[in-house]
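These notes are about the structure you will find just below.
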Amino acid sequence: MAASAEKLVISIDIGTTYSGFAMSFEKEKYTIHALSASDPGEERVSGSSTAQKIPTVLLLTPDAEFHSFGHRARQHYSLELEEDEQKDWLLFERFKMKLHDRPDLSRRTQVTALNGRKFPVKMVLMHTMIYFKTVAIAQMNSKSKMNIESDDITWVLTIPAIWDDDAKQLMREAACEVSRYAIIITIYLFFFAFGF
């Protein structure tokens with residue numbers, strides 16, 4: 001833990017269409033601050049209830065490495081890649097729906113990228129969680145005079161309570177894999193989607 005840092009709680013909401021996160025200092029647990037899920041310089045949807053959220057869109061390189069998330073992912077894929085290049089890149093949208101109400105859901109379940117290529121949904125979730133971890137820490141350090149590290153943060157990941165046990169377990173496993181990258185996530189089951 002950083003010497004002068006306060007303990008934080010950051011909650012990540014990976015939504016079907018939009019995703020975002022909010023934070024609170026442990027000593028002020030009833031004061032919640034919405035954070036912009038965008039990378040610095042990325043456009044946000046303004047003037048709406050999704051102003052702090054970004055599209056749940058993940059872009060991976062042809063080698064399945066993280067490239068971008070949100071508006072930046074969609075923009076890079078559709079405006080900056082040539083049509084023949086797009087066939088090699090992996091753009092995922094609405095991947096969270098692949099976890100809901102699927103009797104065949106397993107650790108091997110795959111989602112289909114826009115180009116038709118299949119990829120493990122667990123890896124898509126992991127890339128998404130790592131993105132939010134990285135952006136959250138960068139934003140907190142740029143907005144404060146504290147040196148916040150991952151150890152200073154209690155991470156909360158929302159999972160719909162209506163999901164079956166297999167879907168909840170897959171999200172837990174993805175979060176546990178991400179914890180190898182120094183992120184500890186508490187799973188929060190919720191009955192109603194919350195907007196922040």
Side-chain angles (χ1 to χ4, degrees), residues 9-23 34-35 37-39 45 49-50 52-74 76-77 89-136 153-196:
V9 176
I10 296 180
S11 177
I12 303 169
D13 179 28
I14 302 171
T16 301
T17 308
Y18 287 95
S19 295
F21 56 109
M23 63 79 56
L35 299 173
S38 304
D39 276 335
V45 179
S49 61
T50 59
Q52 300 299 329
K53 293 185 177 187
I54 59 174
T56 305
V57 179
L58 174 68
L59 181 62
L60 302 180
T61 67
D63 296 326
E65 297 294 325
F66 177 85
H67 181 273
S68 51
F69 191 86
H71 296 289
R72 185 173 290 161
R74 190 176 283 151
H76 185 80
Y77 186 85
W89 287 67
L90 301 164
L91 183 76
F92 298 97
E93 299 178 296
R94 302 183 63 79
F95 54 84
K96 183 178 169 185
M97 291 304 294
K98 300 295 183 197
L99 300 175
H100 181 60
D101 202 23
R102 285 202 48 174
D104 62 336
L105 186 68
S106 74
R107 290 179 180 98
R108 293 181 297 278
T109 297
Q110 297 192 337
V111 289
T112 306
L114 197 60
N115 64 3
R117 190 167 150 196
K118 303 252 186 218
F119 196 74
V121 68
K122 183 175 171 182
M123 294 299 295
V124 170
L125 292 167
M126 288 172 57
H127 280 294
T128 301
M129 291 175 200
I130 292 168
Y131 166 81
F132 278 103
K133 171 196 172 241
T134 304
V135 171
I153 302 168
T154 299
W155 298 90
V156 177
L157 177 64
T158 61
I159 299 177
I162 61 168
W163 278 9
D164 65 22
D165 290 340
D166 290 337
K168 292 173 190 173
Q169 182 61 29
L170 191 61
M171 284 287 273
R172 283 185 193 100
E173 288 177 13
C176 287
E177 288 290 323
V178 171
S179 71
R180 293 181 185 178
Y181 299 96
I183 177 175
I184 299 170
I185 297 182
T186 301
I187 306 299
Y188 174 71
L189 302 177
F190 64 97
F191 289 95
F192 302 102
F194 60 90
F196 44 74

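Numbering starts at 1 and runs along the sequence shown.
Going from atom CG of Asp166 over to atom OG of Ser106 covers 8.5 Å, rounded to the nearest 0.5 Å. Rounded to the nearest 0.5 angstrom, Ile54 CD1 and Phe21 CZ are separated by 8.0 Å. Expressed to the nearest 0.5 Å, how far CG of Leu58 lies from CE of Met126 amounts to 12.0 Å. Put simply, OG on Ser11 and CG on Leu157 are 7.5 Å apart, with the number rounded to the nearest 0.5 Å. Atoms CG and CD1, from Leu170 and Ile159 in turn, are 9.5 Å apart once rounded to the nearest 0.5 Å. Taking CH2 from Trp163 and CG from Leu105, the interatomic distance works out to 9.0 Å, rounded to the nearest 0.5 Å.
Counting only heavy atoms from C-beta outward, the side chains of Arg108 and Pro120 never approach each other to under 4.5 Å. Side-chain contact between His127 and Phe66: present, with at least one pair of heavy atoms (C-beta onward) separated by less than 4.5 Å. Here the side chains of Trp155 and Ile12 are in contact, with some heavy-atom distance below 4.5 Å. Phe92 is not listed as a side-chain neighbour of Leu114, based on a closest heavy-atom distance of 4.5 Å or more. Annotation: side chain of Ser19 is not in contact with side chain of Lys53 (no heavy-atom distance under 4.5 Å).
Residues Lys168 and Ala161 approach most closely at NZ-O, 3.2 Å, considering heavy atoms. When all heavy atoms of Ala167 and Leu99 are compared, the pair lying nearest together is CB-O, 3.0 Å. Of all heavy-atom pairs spanning Thr128 and Ile14, the tightest one is CG2-CD1, 3.8 Å. Taking every heavy atom of both residues into account, Ala73 and Ser68 meet most closely at CA-OG, 3.1 Å. When all heavy atoms of Ala136 and Ile10 are compared, the pair lying nearest together is CB-CD1, 3.8 Å. A pairwise comparison of heavy atoms in Ala174 and Leu125 identifies CB-CB, 4.0 Å as the closest pair.
Around the NZ atom of Lys122, the shell of radius 6.0 Å holds more than 12 heavy atoms that belong to other residues, nucleotides or ligands.
Side chain of Thr56 to main chain of Phe95: no donor-acceptor pair is present (N/O by atom type, distance under 3.5 Å, no hydrogens or angles). Side-chain atoms of Asp63 do not come within 3.5 Å of backbone N or O of Glu65 as any donor-acceptor pair. For the pair Asn115 (side chain) and Trp89 (backbone), a donor-acceptor distance under 3.5 Å is present.
In this structure Arg107 satisfies the salt bridge (charged side-chain N to carboxylate O under 4.0 Å, His left out) test together with Glu173, sequence neighbours excluded. Looking at residues two or more places apart in sequence or on another chain, you find a side chain to side chain contact (heavy atoms under 4.5 Å, CB included) between Asp104 and Arg102.
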Apply side-chain contact (heavy atoms from CB on, under 4.5 Å) to residues Asp13 and Tyr18 and explain how you reach the verdict. CA-CA 9 Å; Asp13 179 28; Tyr18 287 95; over 6 Å; no
Hey, mind stepping through Val156 and Val9 against side-chain contact (heavy atoms from CB on, under 4.5 Å) and telling me if it holds? CA-CA 7 Å; Val156 177; Val9 176; 3.9 Å; yes
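Phe132 and Phe69 have perpendicular rings, their planes meeting at more than 60° on a 0 to 90° scale where under 30° would count as parallel.
No side-chain N or O of Lys96 forms a donor-acceptor pair with one of Thr16 less than 3.5 Å apart.
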